[in-house]
Amino acid sequence: MRTTTGWQATGSSELSAAPLERRELRPDDIAVRVDYCGLCHSDLQALRDHDGHSRLIPGHEFTGVVSEVGLEVAAFSVGDSVAVGNIVDSCGQCPMCRAGQENFCHEFPTLTYGGKDRVDGSTTLGGFSREYVVREDFAYRLPEGLDPAAAAPLMCAGITVWEPLRALDVRPGVRVAVVGLGGLGHLAVKLAVALGATATVISRSSDKADDAGRLGADGFIVSTDSAQMTAARESFDVVIDTVSAPHDIAPYLKLVGLDGTLSVLGYLGALTVEVTDLLIGRKKLSSAGSGGRPSTAEMLQFCADSGVVPDVEVLPSSQVDTALERLAGNDVRYRFVLDMSDLD
């Protein structure tokens with residue numbers, strides 16, 4: 001086994017540095033020195049749900065450098081810059097995997113942490129560590145021009161909004177609204193604009209109006225202002241809802257125009273929908289999560305070509321508890337990234 005260091009959850013949900021073991025490289029594995037790892041709301045939720053009885057090392061959006069390759073690895077060499085997201089394996093055989101949608105694997109994809117390794121059954125440990133071992137098929141070459149620190153959140157937040165934007169054919173002339181301006185929302189705005197669409201941000205207050213404009217949005221709607229919401233009725237072809245808490249989607253369906261789509265990405269629980277809200281205007285309700293291998297590679301190259309990266313605040317990994325506390329209070333614009341070099 002290989003030994004490295006990571007930030008491990010304790011029973012109190014705080015993290016402490018601890019040694020951990022990675023598997024010896026299988027023929028199709030690469031070892032990655034993790035340089036930067038993003039901090040996601042799902043990491044925060046996993047820590048809140050942690051019972052202290054199992055080992056938990058979060059982190060599922062990271063960039064780094066290949067430090068060793070397995071005997072059969074063909075795509076990477078030592079020294080290559082790579083990125084890894086929240087999926088590190090899948091069955092490879094089901095219709096979704098064969099279609100390049102490993103994120104929808106019928107056997108459920110193996111997650112970067114808290115997942116079950118498909119070979120030895122061990123629990124995967126995440127990217128809040130100095131080294132990660134992963135199948136080469138689930139690592140991605142980091143294109144030149146992408147800053148590795150800023151690129152890390154693309155592997156979760158970025159791909160989560162990229163796939164529905166592409167699936168819904170967002171392009172010049174398409175009117176996009178983004179509900180919620182956080183880690184997902186700010187990237188949805190940037191990517192929609194880079195794809196040539198017009199973007200409008202919908203938020204509960206006007207506090208982020210200036211940020212919305214800086215990110216490229218042409219409009220801003222305060223969702224608590226009934227007059228503004230009424231005026232925007234049926235104004236958008238695509239509405240991307242990134243709100244992570246339970247909420248009523250009916251007001252956002254009213255903003256969708258004829259044959260348009262509301263894509264709910266932030267909240268994955270039960271929703272109540274009045275069918276007539278879909279009927280009037282032949283509207284569609286959709287969702288998405290993470291991304292398959294082809295679209296992830298496409299997203300990274302598109303971001304390199306168009307200069308799209310998240311707005312990040314980089315902290316030493318030793319400040320992970322501070323970052324988590326601030327994230328819980330929504331005190332970040334718009335994504336924390338941990339510099340893992342202090343684990344050396």
Side-chain angles (χ1 to χ4, degrees), residues 143 145-146 150-151 153-204 206 208-223 228-229 231-243 249 251-266 278 281-292 294-311 333-335:
L146 275 183
L154 291 174
M155 301 307 295
C156 177
I159 188 59
T160 296
V161 296
W162 173 257
E163 271 216 345
L165 288 172
R166 294 293 279 161
L168 296 171
D169 196 23
V170 170
R171 64 190 188 283
V174 173
R175 303 162 300 169
V176 176
V178 177
V179 184
L181 195 61
L184 290 177
H186 92 289
L187 274 170
V189 172
K190 287 189 175 190
L191 288 169
V193 171
L195 287 165
T198 58
T200 295
V201 169
I202 303 172
S203 186
R204 288 183 56 80
S206 60
K208 295 182 178 179
D210 289 342
D211 271 10
R214 176 181 58 81
L215 294 167
D218 292 307
F220 191 92
I221 297 171
V222 178
S223 62
Q228 290 188 34
M229 293 290 283
R233 180 175 177 174
E234 299 173 355
S235 294
F236 303 103
D237 305 299
V238 173
V239 177
I240 301 292
D241 182 351
T242 70
V243 177
I249 64 170
Y252 305 120
L253 276 171
K254 288 181 171 61
L255 304 182
V256 178
L258 181 66
D259 290 322
T261 301
L262 169 63
S263 184
V264 179
L265 306 181
L278 298 173
R282 291 195 303 263
K283 298 170 184 179
K284 306 173 198 66
L285 177 64
S286 74
S287 187
S290 189
S295 60
T296 301
E298 177 193 48
M299 174 206 63
L300 286 170
Q301 191 59 57
F302 178 85
C303 288
D305 293 342
S306 59
V308 172
V309 290
D311 288 9
R333 292 192 178 180
Y334 283 97
R335 202 74 161 187

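Residue indices begin at 1 and follow the sequence shown. Basis for what follows: all heavy atoms, side chains included, without hydrogens, waters or symmetry-related copies.
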Novice: Nearest 0.5 angstrom please: C156 SG to R335 CZ, how far?
Specialist: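 Between atom SG of C156 and atom CZ of R335 there are 5.5 Å.
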Novice: Only counting residues at least two apart or in another chain, list the ones meeting side-chain contact (heavy atoms from CB on, under 4.5 Å) with A212.
Specialist: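 For A212, the residues satisfying side-chain contact (heavy atoms from CB on, under 4.5 Å) (neighbours in sequence not counted) are L181, V201, A217, F220.
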Novice: Sequence neighbours left out, what passes side-chain hydrogen bond (donor to acceptor under 3.5 Å, both in side chains) with S295? Give chain and number order.
Specialist: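 side-chain hydrogen bond (donor to acceptor under 3.5 Å, both in side chains) check on S295 returns E163.
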Novice: Go through the structure and list residues passing side-chain contact (heavy atoms from CB on, under 4.5 Å) with R333, not counting sequence neighbours.
Specialist: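 Scan of R333 (side-chain contact (heavy atoms from CB on, under 4.5 Å), adjacent residues dropped) gives K208, D211.
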Novice: Residues in salt bridge (Lys or Arg N to Asp or Glu O under 4.0 Å) with R204, at least two apart?
Specialist: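 In terms of salt bridge (Lys or Arg N to Asp or Glu O under 4.0 Å), with neighbours along the sequence ignored, R204 is linked to no residue.
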Novice: By ring-ring contact (aromatic ring centres under 6.0 Å, His included), which residues pair with F302, not counting sequence neighbours?
Specialist: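 W162.
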Novice: Apply side-chain contact (heavy atoms from CB on, under 4.5 Å) to S263 and list each qualifying residue two or more places apart in sequence or on a separate chain.
Specialist: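 Scan of S263 (side-chain contact (heavy atoms from CB on, under 4.5 Å), adjacent residues dropped) gives P164, L168, I240, L265, S286.
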Novice: With a 3.5 Å cut-off and sequence neighbours excluded, list the donor-acceptor pairs that the side chains of residues 253-261 form with protein atoms.
Specialist:
residue, atom, partner, partner atom, Å
D259, OD1, R282, NE, 2.8
D259, OD2, R282, NH2, 2.9

Novice: Under the side-chain hydrogen bond (donor to acceptor under 3.5 Å, both in side chains) test, which residues partner D237, sequence neighbours left out?
Specialist: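 Expected list: R175.
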Novice: Atom CG of L215 and atom CG of L191: how far apart are they, to the nearest 0.5 Å?
Specialist: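 Taking CG in L215 and CG in L191, the distance rounds to 11.0 Å.
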Novice: How would you list, by chain and number, every residue that makes a salt bridge (Lys or Arg N to Asp or Glu O under 4.0 Å) with D169, sequence neighbours excluded?
Specialist: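 Salt bridge (Lys or Arg N to Asp or Glu O under 4.0 Å) list for D169, sorted by chain: R171.
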Novice: Nearest 0.5 angstrom please: I202 CD1 to D241 CG, how far?
Specialist: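 Between atom CD1 of I202 and atom CG of D241 there are 8.5 Å.
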Novice: Can you find a pair of side-chain heavy atoms, one from L146 and one from C303, that are under 4.5 Å apart?
Specialist: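 Yes, their side chains come closer than 4.5 Å.
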Novice: My understanding is that only residues two or more places apart in sequence, or in another chain, count here; which of them pass side-chain hydrogen bond (donor to acceptor under 3.5 Å, both in side chains) with S235?
Specialist: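 side-chain hydrogen bond (donor to acceptor under 3.5 Å, both in side chains) list for S235, sorted by chain: empty.
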Novice: Which atoms form the tightest heavy-atom contact between A192 and L165, and what is the distance?
Specialist: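 Heavy atoms only, the tightest pair is N-CD1, 4.1 Å.
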Novice: Please name all residues satisfying side-chain contact (heavy atoms from CB on, under 4.5 Å) with P294, sequence neighbours left out, ordered by chain then number.
Specialist: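 Listed in chain order: E102.
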Novice: Could you tell me if the side chain of Y252 sits less than 4.5 Å from the side chain of S223, heavy atoms only?
Specialist: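 Side chain of S223 against side chain of Y252, heavy atoms only: contact under 4.5 Å found.
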Novice: I'd like to check M155 versus L300 (side-chain heavy atoms, cut-off strictly below 4.5 Å). Are they in contact?
Specialist: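 Yes; the side chains approach each other to less than 4.5 Å.
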Novice: Quick one: are K283 and L262 in side-chain contact, heavy atoms under 4.5 Å?
Specialist: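 Not in contact.
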Novice: Name all residues meeting the salt bridge (Lys or Arg N to Asp or Glu O under 4.0 Å) criterion together with E234; count only those two or more places apart in sequence or in a different chain, and write none if there are none.
Specialist: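 For E234, no residue satisfies salt bridge (Lys or Arg N to Asp or Glu O under 4.0 Å) once neighbours in sequence are set aside.
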Novice: Compare every heavy atom of A150 with every heavy atom of V309, then report the nearest pair and how far apart it is.
Specialist: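 Closest approach of V309 to A150, heavy atoms only: CB-CB, 3.9 Å.
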Novice: Checking side chain to side chain contact (heavy atoms under 4.5 Å, CB included) between T242 and each of L187, L184, V264, which is the one that passes?
Specialist: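 Going through L187, L184, V264 one by one, the side chain to side chain contact (heavy atoms under 4.5 Å, CB included) with T242 is satisfied by L184 alone.
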Novice: Locate the shortest heavy-atom distance separating V193 from A199; write the atom from each residue and the value.
Specialist: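 Heavy atoms of V193 and A199 come nearest at CG2-CB, 3.9 Å.
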